[in-house]
Student: 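First the structure, then my questions, so here it is.
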Amino acid sequence: MKSFNPEVIRALTPMFLATIGAAVGIAVIVSPNISDAKWSAGLGLAGTAIAGAAGLAQTSKSEQDFSVKQQGDNLEVETPATQRSEEH
């Protein structure tokens, strides 16, 4: 089985939530004899799931890119801060 690393989970979570929201929305629309309160609650739940997925799909500005390289027994970590200090 393929292992799920954090990047894959972070990418799949919004798609999962959007799919659940779409399924709930479609179920509410096609169900016969549903009361107005259930109609409103179902579409509200679907909208909330889709909005949550959209919020999770946005990139975080505080998230920093970094890389790690291994050379023998040494690890070299490169962050945006080290990249700027090397340019000066």
Student: To the nearest 0.5 Å, what is the distance between NZ (Lys69) and CG (Asn74)?
Tutor: 13.5 Å

Student: Judged by atom type as modelled, is there a donor-acceptor pair below 3.5 Å linking the side chain of Gln70 to the main-chain atoms of Gly72?
Tutor: yes

Student: Of all heavy-atom pairs between Ala49 and Gly21, which one has the smallest distance, and what is that distance?
Tutor: CB-CA, 3.7 Å

Student: Name all residues meeting the side-chain contact (heavy atoms from CB on, under 4.5 Å) criterion together with Ala53; count only those two or more places apart in sequence or in a different chain, and write none if there are none.
Tutor: Pro14, Leu17, Ala18

Student: Only counting residues at least two apart or in another chain, list the ones meeting side-chain contact (heavy atoms from CB on, under 4.5 Å) with Leu12.
Tutor: Phe4, Val8, Met15

Student: Give every donor-acceptor pair under 3.5 Å between a side-chain atom in residues 31-44 and any protein atom, sequence neighbours left out.
Tutor:
from	atom 1	to	atom 2	distance (Å)
Ser31	OG	Ala27	O	3.3
Ser31	OG	Val28	O	3.1
Ser35	OG	Lys38	N	3.3

